[in-house]
Amino acid sequence: MKALITGASGFIGSHLAETLLGRGHEVHCLARAQSRLPYLERAGARIIRASFEDEAALTQATRGMGWVFHLAAVINAPSWKEYHRVNTLYTARLLAACEKSAESIQRFVYVSSVSAAGDSGPTRYPDESCPCNPDDWYGKSKLGGEAAVLSCGSRFPITILRPPFVIGPGQKELLMIIRVLKAGIRMTMGNGSRQSILIYVSDLVEAMIRCAENPAAAGKTYFVSDERLDGYSWKELLATISSVIGRRRFWLSVPVSVQLAFADIAERCAALIGSASPITRDYVLKVRDSHWLYDASAIRRDIGFKARYSLRQGIEKIMANGK
């Protein structure tokens, strides 16, 4: 199959590209001029240098493709305008290009986010039929991307996936947590309850490919997670990492108040140089208070998807990988 991937330089996209190449598919990666993907080029991927602003280049990039996986997105931006431009408008532009190659496209897979659905609450497990109520710019922009994808569902087959927190080699936020724990620093995270479903990156990639292959997934939107359908607490996540890397006798605990103060400083510094802060007060509070607990059983019923890795197995693979 000829497959086009946007966002192949990112965490999930790079794993998807490597898996597709390993299975003998012809992989084309849409990348910005400044992106460097030597490891994928060595593996046999074809790199297409094009901008989402260039209609002609997008049309050429999508021509003849059988599968299109759209992962390119901005997760941390300084303004709503930037979130909307990248996550909503660029999605619409890619879809417009795909319409000109609709006869060849067998599946368009859009990787959205649980953030598009909004906070689930601590006791409800909404499924895909429940109304969405995103409460931040990222979630609203991803929901806008979903709307653009759904509007094209009559012209070529589409599937939308809403992954939760994804763990795996190269996941920057998780690697930061691992480094902090290795240093003997334990952060206060979450409110003690189970707050989020999780998935290991290889399992998410498998779900994406199965959605592309299976006719039953056409036109569907899916939450996707590992086999722990009732989710995890952040305390359990930290405890699992600590157990894998080796427990320490003494810990330096960092309360939420200190994290908020650090985030405030980071935001002010980022504002001075006109960039997005790597950590924000809103993010710290979301980790503490929000819930992403969704019913991810539909993808299991429809296409038989079954995750292979538990949280502990995923952390062990990350540590064995060394990055």
Practice problem: Carefully, step by step, assess I167 and Y309 under the rule side chain to side chain contact (heavy atoms under 4.5 Å, CB included). | Solution: CA-CA 10 Å; I167 64 172; Y309 298 103; over 6 Å; no
Practice problem: Applying side chain to side chain contact (heavy atoms under 4.5 Å, CB included), run through I178 and M319 and close with a yes or a no. | Solution: CA-CA 9 Å; I178 291 172; M319 299 306 298; 3.9 Å; yes
Quiz item: Going through the checks in order, is the side chain to side chain contact (heavy atoms under 4.5 Å, CB included) test met by C29 and L37?
Solution: CA-CA 9 Å; C29 300; L37 303 170; 4.3 Å; yes
Quiz item: Going through the checks in order, is the side chain to side chain donor-acceptor pair (under 3.5 Å) test met by Y283 and N76?
Solution: CA-CA 10 Å; Y283 178 79; N76 189 16; over 6 Å; no
Quiz item: After noting the C-alpha distance and the side-chain angles of W292 and Y232, does the key distance pass the ring pair (Phe, Tyr, Trp, His ring centres under 6.0 Å) rule?
Solution: CA-CA 10 Å; W292 297 275; Y232 299 86; over 10 Å; no
Practice problem: Decide yes or no on salt bridge (charged side-chain N to carboxylate O under 4.0 Å, His left out) for D136 and K140, but give the supporting numbers first. | Solution: CA-CA 6 Å; D136 61 11; K140 291 175 181 177; over 6 Å; no
Practice problem: May I have the step-by-step check of salt bridge (charged side-chain N to carboxylate O under 4.0 Å, His left out) for E213 and R107, ending in yes or no? | Solution: CA-CA 8 Å; E213 295 173 333; R107 188 61 51 86; over 6 Å; no
Practice problem: Check step by step if side chain to side chain contact (heavy atoms under 4.5 Å, CB included) holds for F69 and L4. | Solution: CA-CA 6 Å; F69 296 93; L4 177 68; over 6 Å; no
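Taking the ring centre of F305 as origin, the terminal cationic atom of R300 falls outside the region bounded by 6.0 Å and 45° from the ring axis.
Between W80 and Y138, the gap from one ring centroid to the other reaches at least 6.0 Å. The distance between the ring centers of W137 and H84 does not fall below 6.0 angstrom.
When all heavy atoms of I303 and C211 are compared, the pair lying nearest together is CD1-SG, 3.9 Å. When all heavy atoms of C152 and L95 are compared, the pair lying nearest together is SG-CB, 3.8 Å. Scanning all heavy atoms of the two residues, the minimum distance from F52 to L30 falls at CZ-CD2, 4.0 Å. Contact record, V109 with M208: CG2-O, 4.2 Å, taken as the closest heavy-atom pair. L40 approaches A8 most closely through the heavy-atom pair CD1-O, 3.8 Å. The minimum heavy-atom distance between I105 and P157, with the atom names listed, is O-CD, 3.6 Å.
Within the model, atoms CZ of R186 and NZ of K235 stand 8.5 Å from one another, a figure rounded to the nearest 0.5 Å. For the atom pair CD1 of I299 and NZ of K306, the computed distance is 13.5 Å after rounding to the nearest 0.5 Å. To the nearest 0.5 Å, the span separating CG on L89 from CG on L94 amounts to 13.0 Å. To the nearest 0.5 Å, atoms CD1 (I160) and CZ (F108) are separated by 9.0 Å. One finds the CD atom of E227 at 10.5 Å from the OG atom of S310 (value rounded to the nearest 0.5 Å). Q60 contributes atom CD, which lies 11.0 Å from atom CG of L58 (distance to the nearest 0.5 angstrom).
L174 and L204 fall within a single hydrophobic cluster, where Ile, Leu, Val, Met, Phe, Trp and Tyr are joined by side-chain heavy atoms under 4.5 Å apart, directly or via other members. When the side chains of ILVMFWY residues are joined at heavy-atom separations under 4.5 Å, either directly or via intervening members, I177 and L311 end up in a single hydrophobic cluster. Residues V205 and Y110 fall into different hydrophobic clusters, defined by Ile, Leu, Val, Met, Phe, Trp and Tyr side chains chained together at heavy-atom separations under 4.5 Å. Note on V68: it does not cluster hydrophobically with L71, by side-chain heavy-atom contacts below 4.5 Å among ILVMFWY residues. When the side chains of ILVMFWY residues are joined at heavy-atom separations under 4.5 Å, either directly or via intervening members, V180 and M189 end up in a single hydrophobic cluster.
No donor-acceptor distance shorter than 3.5 angstrom exists from the side chain of N133 to the backbone of A117, with no hydrogens or angles considered. Distance alone, capped at 3.5 Å, places no donor-acceptor pair between the S113 side chain and the A116 backbone. The closest donor-acceptor contact from the side chain of Q259 to the backbone of T188 lies under 3.5 Å. T6 places a side-chain N or O within donor-acceptor distance of the main-chain N or O of A72, the cut-off being under 3.5 Å. The closest donor-acceptor contact from the side chain of E128 to the backbone of A298 lies at 3.5 Å or more, if one exists at all. Between the S104 side chain and the M65 main chain, a donor and an acceptor come within less than 3.5 Å of each other. With hydrogens and angles disregarded, a donor-acceptor distance shorter than 3.5 Å links the side chain of Q195 to the backbone of S290. Judged purely by atom type and a 3.5 angstrom limit, K220 uses its side chain to pair as donor or acceptor with the backbone of A216. A donor-acceptor contact shorter than 3.5 Å is absent between the side chain of R308 and the backbone of D226. Judged by distance alone, with hydrogens and angles left aside, the side-chain atoms of S120 form a donor-acceptor pair with the main-chain N or O of H291 at under 3.5 Å.
A salt bridge does not link R23 with E18: every distance from a Lys NZ or Arg NE/NH1/NH2 to an Asp or Glu carboxylate oxygen is 4.0 Å or more. Salt bridge absent: K286 and D119 never bring a charged side-chain N and a carboxylate O closer than 4.0 Å. E53 and R93 are joined by a salt bridge, as a carboxylate oxygen and a charged side-chain nitrogen come within less than 4.0 angstrom of each other. Here R228 pairs with E236 in a salt bridge; the nearest charged N to carboxylate O distance falls below 4.0 Å. A salt bridge links E206 with R210; the closest basic N to acidic carboxylate O contact falls under 4.0 Å.
No more than 12 heavy atoms of other residues, nucleotides or ligands lie within 6.0 Å of CZ in R32, so this atom counts as exposed by the packing criterion. Atom OH of Y39 sits in a crowded spot, with more than 12 heavy atoms from other residues, nucleotides or ligands closer than 6.0 Å. With a 6.0 Å radius and a threshold of 12 heavy atoms from other residues, nucleotides or ligands, I75 has its CD1 atom at or below the threshold. Within 6.0 Å of atom CD in E55, 12 or fewer heavy atoms from other residues, nucleotides or ligands are found, so the atom counts as exposed in its surroundings.
Shown are V284, I265, I279, T280; of these, the side-chain contact (heavy atoms from CB on, under 4.5 Å) with L260 is made only by V284.
The closest side-chain donor-acceptor pair between H70 and T91 falls under 3.5 angstrom. Side-chain polar atoms of Y90 and R85 form a donor-acceptor pair below 3.5 angstrom. Between the side chains of R312 and S243, at least one donor-acceptor pair of N or O atoms lies under 3.5 Å.
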